[in-house]
2 protein chains.
Amino acid sequence: MDKRRSAKSVRSAVEPRQGAQAIRRALAVLRILAAGREEGVPLAEVIRATALTRPTVHRIVHVLIEEGIVERHGRSGRYAIGNQVPELALARPRPSRLLVAANPSLQRASAEIGDTLFLTVRTGNDTLCVDRRIGVYPIQVLSIEVGARRPLGVSSAGVAILAAMPAQEARKIVAANEKRFEAYRTDVATVLGEVTAARRLGYGMREIGLVQGTKSISTWIKTPDGQPAAAMTVSAVRTRLGPRREQEVAEILLREARIIEQAIG
Amino acid sequence: MDKRRSAKSVRSAVEPRQGAQAIRRALAVLRILAAGREEGVPLAEVIRATALTRPTVHRIVHVLIEEGIVERHGRSGRYAIGNQVPELALARPRPSRLLVAANPSLQRASAEIGDTLFLTVRTGNDTLCVDRRIGVYPIQVLSIEVGARRPLGVSSAGVAILAAMPAQEARKIVAANEKRFEAYRTDVATVLGEVTAARRLGYGMREIGLVQGTKSISTWIKTPDGQPAAAMTVSAVRTRLGPRREQEVAEILLREARIIEQAIG
DNA sequence: GCGTTCTTGTCCATATTATGGACAAGAGAC
DNA sequence: GTCTCTTGTCCATAATATGGACAAGAACGC
């Protein structure tokens with residue numbers, strides 16, 4: 001408790017504000033629910049993912065239902081993000097600067113590559129798909145949709161974003177997501193290995209994508225202050241991304257990532 | 001405290017869940033911030049509008065900033081809805097059912113009337129503009145944008161929505177908004193008078209719109225269970241909405257409102 | 001310059017609030 | 001029937017969030 005006093009002058013950067021445990025917990029719950037999209041998430045999984053106790057999660061979720069922030073699905077009893085969240089979101093200008101800046105690059109790269117392209121941002125300890133372009137090639141990986149949210153580290157976009165940040169910060173995020181990795185059949189060590197490999201390679205890559213038989217390549221996009229802002233990903237059936245083509249695709253993605261960085265600078 | 005026990009069996013409908021004061025307060029703050037759109041709201045106004053104390057609002061707002069839910073604008077120091085809210089909103093399917101159902105009616109009415117058309121929903125104690133169609137007439141009321149949020153009662157859409165609900169419930173909402181009416185130079189008595197007039201007339205009307213020199217006409221749209229779901233509004237410069245044309249416009253709005261009610265039923 | 005009136009930010013003793021262990025009850029599986 | 005999964009609830013208690021009081025800064029007038 002004396003720590004608080006001594007750190008007074010640098011608090012904003014260093015020390016989390018106190019006196020709002022409940023609010024922080026409610027937000028943690030909301031973020032887990034957001035990962036469940038329309039179908040929602042059963043209570044037990046929220047408890048697991050947040051490491052909170054049953055009564056606490058139960059209370060939070062039900063208060064949020066009363067407030068319209070969370071909805072409960074009739075038959076399944078799963079909890080999901082409610083109507084009022086997009087209503088609050090209308091207060092912000094849309095589309096975001098990043099989306100505007102990335103648009104031409106996505107257009108260009110999609111035409112050039114022909115496979116599905118994703119734009120993914122970091123939000124807290126998650127990755128969030130914010131844009132998608134379908135290519136011209138007849139076989140496309142469509143399983144990841146705009147709004148898809150996963151723990152940072154389980155997708156190639158997540159690996160790329162982690163690779164673009166200071167190693168220590170990346171380790172902290174990966175550690176925080178440990179409990180959630182189980183559901184994706186991975187673990188802290190595997191993810192950190194992939195991140196290191198991505199740093200060496202200059203881009204993120206997954207031989208085995210989240211979808212069976214697919215392969216993904218991701219480049220990171222940094223803000224002027226060096227923080228990773230987003231990742232640009234190509235996903236395709238594995239046979240379409242052999243070593244030679246991997247090289248080609250990576251070069252296009254790297255080129256466009258630099259262009260987007262200029263645009264948001 | 002003994003009340004809680006006796007009401008046990010009907011709690012879900014009657015009694016608000018306890019043990020989450022902080023979360024409820026944080027949401028109240030967020031809703032006020034949402035009304036400030038991009039420009040945001042100064043802290044003092046949040047304190048006024050929520051009737052919370054300064055330290056409480058300050059703490060809530062700054063925790064929400066740390067969590068990315070709220071942003072603070074550089075020069076003005078105002079607080080606004082942050083980036084992470086639309087990110088959470090991506091978890092929901094867009095566009096909403098109402099928007100889909102109302103689309104053809106808005107199209108048709110807009111072409112027929114020629115003035116600006118708004119679709120407005122109720123969210124808590126607020127009205128929220130969720131769609132807008134610009135007409136063909138050269139003078140258009142454009143000051144109200146998608147995302148605009150006001151206390152229920154200050155706009156003709158709000159009056160229409162209040163008129164469509166049980167009188168007692170409407171009174172409760174109007175009373176809850178009392179503190180926020182000042183900023184719009186109105187009060188509880190005036191609003192209740194307008195609501196009564198709207199009930200008699202069958203639609204909401206404001207001779208003096210929120211924008212100087214404009215007039216608005218609104219019809220309500222109800223869900224199958226009789227709850228008001230939205231309002232459909234025409235705004236125009238006052239001279240364009242004389243008694244005869246008011247009648248015409250109201251009839252078109254009433255016709256389309258019934259069609260939308262069928263579509264969402 | 002100095003006072004006045006705004007604003008935002010902070011401290012800390014305190015009472016209220018949120019917490020979680022323990023238990024209950026319901027739904028499936030076998 | 002039992003076992004195992006889920007969700008929901010109670011209530012004594014500790015910890016949390018609260019708000020009165022104060023500080024400090026900004027903008028204005030003179």
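For B:Q21 and D:dA17, the shortest distance from a side-chain N or O to OP1 or OP2 is not below 4.0 Å. For the pair B:H58 and C:dT8, the criterion of a side-chain N or O lying under 4.0 Å from OP1 or OP2 is not met.
Comparing A:R59 and A:A20 by the nucleotide of DNA chain D whose heavy atom lies nearest to each, the residue mapping closer to the 5' end is A:R59.
Using a 4.0 Å cutoff on non-hydrogen atoms, the parts of residues 70-84 of chain B near DNA chain C are B:R72, B:Y79, ordered by number. Residues from residues 32-57 of chain A lying near DNA chain C, meaning a heavy-atom separation below 4.0 Å, are A:T53, A:P55, A:T56 in numerical order.
Using a 4.5 Å cut-off on side-chain heavy atoms (C-beta onward), A:Q84 and B:T123 make contact. Side chains of B:R132 and B:T116 form a contact here, defined as non-hydrogen atoms less than 4.5 Å apart. Looking only at side-chain heavy atoms (C-beta outward), B:T214 and B:R238 stay at 4.5 Å or farther from each other. At least one side-chain heavy atom of A:L52 sits under 4.5 Å from a side-chain heavy atom of A:V29.
For A:Y79, the ring-ring contact (aromatic ring centres under 6.0 Å, His included) partners two or more places apart in sequence, or in a different chain, are A:H62. Not a single side-chain hydrogen bond (donor to acceptor under 3.5 Å, both in side chains) links A:R54 to another residue, sequence neighbours left out.
The nearest pair of heavy atoms linking B:R25 to B:I60 is CB-CD1, 3.8 Å.
Contact annotation for A:R24: no contact, since no heavy-atom pair falls under 4.0 Å across all strands.
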A:E145 vs A:R37, salt bridge (Lys or Arg N to Asp or Glu O under 4.0 Å): CA-CA, chis, key distance, verdict: CA-CA 10 Å; A:E145 290 177 333; A:R37 320 258 352 248; 3.7 Å; yes

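Atom CD of A:Q18 is separated from atom C1' of C:dC11 by 12 Å (rounded to the nearest Å). Distance CD1 (B:I60) to C1' (D:dA17): 9 Å, rounded to an integer number of Å. Distance CD (A:E66) to C1' (D:dG8): 14 Å, rounded to an integer number of Å. In this structure, A:H62 places its NE2 atom 10 Å from P of D:dT7, rounding to the nearest Å. The nearest whole Å value for the distance from the CG atom in A:L64 to the P atom in C:dA18 is 13 Å. Nucleotide D:dT16 holds its C1' atom 10 Å from the CZ atom of A:R25, rounded to whole Å.
Note that the OG atom of B:S156 and the CD atom of B:E207 stand 11.0 Å from one another [nearest 0.5 Å].
The terminal axes of the helix from C:dG1-D:dC30 to C:dC30-D:dG1, fitted over 5 pairs per end, subtend an angle of 40° to the nearest 10°.
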Enumerate, atom names and distances included, each donor-acceptor pair closer than 3.5 Å involving a side-chain atom of residues 171-178 of chain B, sequence neighbours excluded.
from: B:N177; atom 1: OD1; to: B:R180; atom 2: NH1; distance (Å): 3.3
from: B:N177; atom 1: ND2; to: B:N125; atom 2: O; distance (Å): 2.9
from: B:N177; atom 1: ND2; to: B:L152; atom 2: O; distance (Å): 3.4

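Within the 3.5 Å criterion, the main-chain N or O of A:L128 finds no donor-acceptor partner in the side chain of A:R150.
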